Amino acid sequence: MVDGLLQVEGGRPLNGEITVRGAKNLVPKAMVAALLGTTPSVLGNVPLIRDVEVVSGLLTLHGVHVDYDQTAGILSLDPSRVESAHVADIDAHAGSSRIPILFCGPLLHRLGEAFIPDLGGCRIGDRPIDFHLDILRRFGATVDKLEGGIRLTAPEGLRGTVIELPYPSVGATEQTLLTAVRADGRTELRGAAVEPEIMDLVDVLQKMGAIISVDTDRTIHIEGVEELTGYRHSALPDRIETASWASAALATGGDVLVHGAHQSHMTTFLNFFRKVGGAFDVREDGIRFYHPGGDLHSIVVETNVHPGFMTDWQQPLVVALTQADGVSIVHETVYENRFGFTKALCKMGAAIQVYRECLGGTACRFGQRNFYHSAVISGPTPLRGADIVVPDLRGGFSHLIAALAAQGTSRVEGINLIDRGYEHFMSKLGSLDAKVTRLA
């Protein structure tokens, strides 16, 4: 059965205005944080995406009353009657989402136990949950692996600890924060991720009564408290979606105003966007991205943790780089298997070669591990319409950008994956004068 099929008539510039709401990488985590409070929470600027639906369902299974005003983008979360959920219900509702692993710390505090099913998600790299489980063990949790999932208990409660991350993992940092804020004593997290979405989660937790300080050397200190209350918070805008539409405007020779976009979250992307030859105007209500005419320029870019060039920015930008004059190099240092999407681009006429070697300015942790994590893009090359299959969320949107930029008709299969992270993307395409038809 076809999992979402889209027909795209390409070769038309995207022109118009869209609105980007709260970040996919923050909103579900802020929703989970509501479990820690003794009073209701209200989260604003919430997008209608699949991950929000999944977390809403999981919270409901655990006794949280969830009310979502989709038009206003406001979620009300009342955790006053938190309870254990049935294993089968959790498994059925979570599907391939990895979000349930972040429920563990809050549920251990509230109920003394938690269960998570086997986890899935976009398969773009090695994302084992063992690292999360090791963190929870450090806090004093007991982990029992059962058929179909994992049961965690904390018969003596959770205690503060010292954790040093070998890499600034966003997921591991979130896990530590959500567990440490109510653990007994102090927690020190070294080598933490400090992405804007992490700092927004810190803001949420601080509003609830948590005591958290962040040092300049990526060390986060958390003093555990006995009780947290609810919060009122408006989620920061999605900088990944913003960059995706910006790259689409550039690749198609278009002009797109992204309402809700914030310059401060996009500094590194904006610098590279300008280097490639794109133009932008920062406004009070958003950022306008457009192709100013003339040739695009080749660049060398390495992905990195914040404040570096975000890994989720590189895939849509690679599509624009196929139209740049010269040879561009992209060195991926965050996820080891993120260039699988380039096969479809080559099928459409792009000249992209991938390499195991580190082709950026510095060697990275994947350089000795036999992963294809560097790409060389030669351009400009005209793109032709083709039948392609979406591999993952960000790669899928990149395929969509390529189809929009290509001459002729493309059929893009598996676009349901895009619903996970891009709110109302079909209606947004319509407002940008794209000629797209959903076939299934």
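Being a predicted model, the structure only gives us computed values, none of them experimental.
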Next on the checklist: Quick test of your reading of the model: are Glu195 and Arg239 salt-bridged, counting only N-O distances below 4.0 Å?
Outcome noted: no

Item to check | Atom CZ of Arg232: over 12 foreign heavy atoms under 6.0 Å | outcome: no

Checklist entry - Is there a donor-acceptor pair under 3.5 Å between the side chain of Thr381 and the backbone N or O of Gln323? => result no

Checklist entry - Would you call Asn337 and Phe371 a side-chain contact if the rule is heavy atoms closer than 4.5 Å? => result yes

Checklist entry - Which atoms form the tightest heavy-atom contact between Ala172 and Phe131, and what is the distance? => result CB-CE2, 3.7 Å

Checklist entry - Leu201 versus Leu26: any side-chain heavy-atom pair under 4.5 Å? => result yes

Checklist entry - Can you find a side-chain donor-acceptor pair between Tyr68 and Ser56 that sits under 3.5 Å? => result no

Checklist entry - Ignoring hydrogens and geometry, is there a side-chain-to-backbone donor-acceptor pair from Tyr231 to Ala30 under 3.5 Å? => result yes

Next on the checklist: Under the rule for salt bridge (Lys or Arg N to Asp or Glu O under 4.0 Å), what residues qualify as partners of Arg138, not counting sequence neighbours?
Outcome noted: none

Checklist entry - What class does the angle between the rings of Trp245 and Phe397 fall in, given that below 30° is parallel, 30 to 60° is tilted and above 60° is perpendicular? => result perpendicular

Next on the checklist: Please determine whether the number of non-hydrogen atoms from other residues, nucleotides or ligands lying under 6.0 Å from atom CZ of Arg438 exceeds 12.
Outcome noted: yes

Next on the checklist: Return the CG to CG distance between Asp433 and Asn15, rounded to the nearest 0.5 Å.
Outcome noted: 7.0 Å

Checklist entry - Once the angle between the rings of Phe339 and Phe341 is folded into 0 to 90°, is it parallel (under 30°), tilted (30 to 60°) or perpendicular (over 60°)? => result parallel

Item to check | Student check: side-chain heavy atoms of Cys104 and Ile101 closer than 4.5 Å | outcome: yes

Next on the checklist: Between His306 (side chain only) and Gly308 (backbone N and O only), is there a donor and an acceptor less than 3.5 Å apart?
Outcome noted: no

Checklist entry - Distance-only, no hydrogens or angles: does the Thr322 side chain make a donor-acceptor pair with backbone N or O of Ala350 under 3.5 Å? => result no

Item to check | Non-hydrogen atoms of Val390 and Gly414 that approach each other most closely | outcome: CB-O, 3.6 Å

Item to check | Lys207 to Thr229 - nearest heavy-atom pair and separation | outcome: O-OG1, 4.5 Å

Checklist entry - Where is the tightest heavy-atom contact between Val27 and Ala235, given as atom of each residue plus distance? => result CG2-CB, 3.7 Å

Item to check | Shortest non-hydrogen separation from Pro307 to Thr268 and the atoms involved | outcome: O-OG1, 2.8 Å

Checklist entry - Side chains of Val282 and Met266: does their closest heavy-atom pair fall under 4.5 Å? => result no

Checklist entry - Would you call Arg81 and His65 a side-chain contact if the rule is heavy atoms closer than 4.5 Å? => result no

Checklist entry - Is the shortest heavy-atom distance from the side chain of Arg182 to the side chain of Arg110 under 4.5 Å? => result yes

Checklist entry - Mind checking whether Phe103 and His62 have parallel, tilted or perpendicular rings, split at 30° and 60°? => result tilted

Checklist entry - Is there a donor-acceptor pair under 3.5 Å between the side chain of Ser247 and the backbone N or O of Ser244? => result no

Item to check | Salt-bridge present (Arg190, Glu188; N to O < 4.0 Å) | outcome: yes

Checklist entry - Ser328 side chain to Leu321 main-chain N or O, any donor-acceptor pair under 3.5 Å? => result no

Checklist entry - Is there a side-chain contact (heavy atoms from CB on, under 4.5 Å) between Val305 and Arg218 once you walk through the steps? => result CA-CA 11 Å; Val305 296; Arg218 294 185 177 272; 3.4 Å; yes

Item to check | Identified side-chain contact (heavy atoms from CB on, under 4.5 Å) counterpart of Ile222 within the set Ile212, Leu205, Ile211 | outcome: Ile212

Item to check | Short side-chain to backbone donor-acceptor contact, His291 and Ala249, under 3.5 Å | outcome: no

Next on the checklist: Can you confirm whether Val32 sits close enough to Pro106 that some side-chain heavy atom of one is under 4.5 Å from a side-chain heavy atom of the other?
Outcome noted: yes

Item to check | Single hit among Thr187, Leu102, Val204, Ile198 for side-chain contact (heavy atoms from CB on, under 4.5 Å) with Leu177 | outcome: Ile198

Checklist entry - Should Ile240 and Tyr422 be marked as a side-chain contact (heavy atoms from CB on, under 4.5 Å) after you check the CA-CA gap, both sets of side-chain angles, and the distance that decides it? => result CA-CA 9 Å; Ile240 303 172; Tyr422 294 87; 4.3 Å; yes

Checklist entry - Has the side chain of Lys24 got a donor or acceptor atom that lies under 3.5 Å from a matching backbone atom of Asp238? => result no

Next on the checklist: side-chain contact (heavy atoms from CB on, under 4.5 Å) for Phe309 and Phe269? Distances and angles first, verdict last.
Outcome noted: CA-CA 6 Å; Phe309 192 90; Phe269 177 83; 4.1 Å; yes

Checklist entry - What closest approach, in Å, do Arg283 and Leu257 show between heavy atoms, and which atom pair accounts for it? => result NH1-CD2, 3.8 Å

Item to check | NZ/NE/NH1/NH2 to OD/OE distance under 4.0 Å, Arg338 and Glu332 | outcome: no

Next on the checklist: Evaluate Leu58 against Met31 for side-chain contact (heavy atoms from CB on, under 4.5 Å), listing each step before the verdict.
Outcome noted: CA-CA 10 Å; Leu58 290 171; Met31 294 170 67; over 6 Å; no

Next on the checklist: Tell me whether Gln70 at atom CD has more than 12 heavy atoms from other residues, nucleotides or ligands lying less than 6.0 Å away.
Outcome noted: yes

Checklist entry - Heavy atoms, side chains only, cut-off 4.5 Å: are Leu400 and Leu429 in contact? => result yes

Checklist entry - Quick one: is the NZ or CZ of Lys428 closer than 6.0 Å to the six-membered ring centre of Phe425, and within 45° of its axis? => result no

Checklist entry - Quick one: which of Pro380, Ser298, Ser378 gives a side-chain contact (heavy atoms from CB on, under 4.5 Å) with Asp325? => result Pro380

Next on the checklist: Ring-plane angle category for His331 and His373, please: parallel below 30°, perpendicular beyond 60°, tilted otherwise.
Outcome noted: tilted

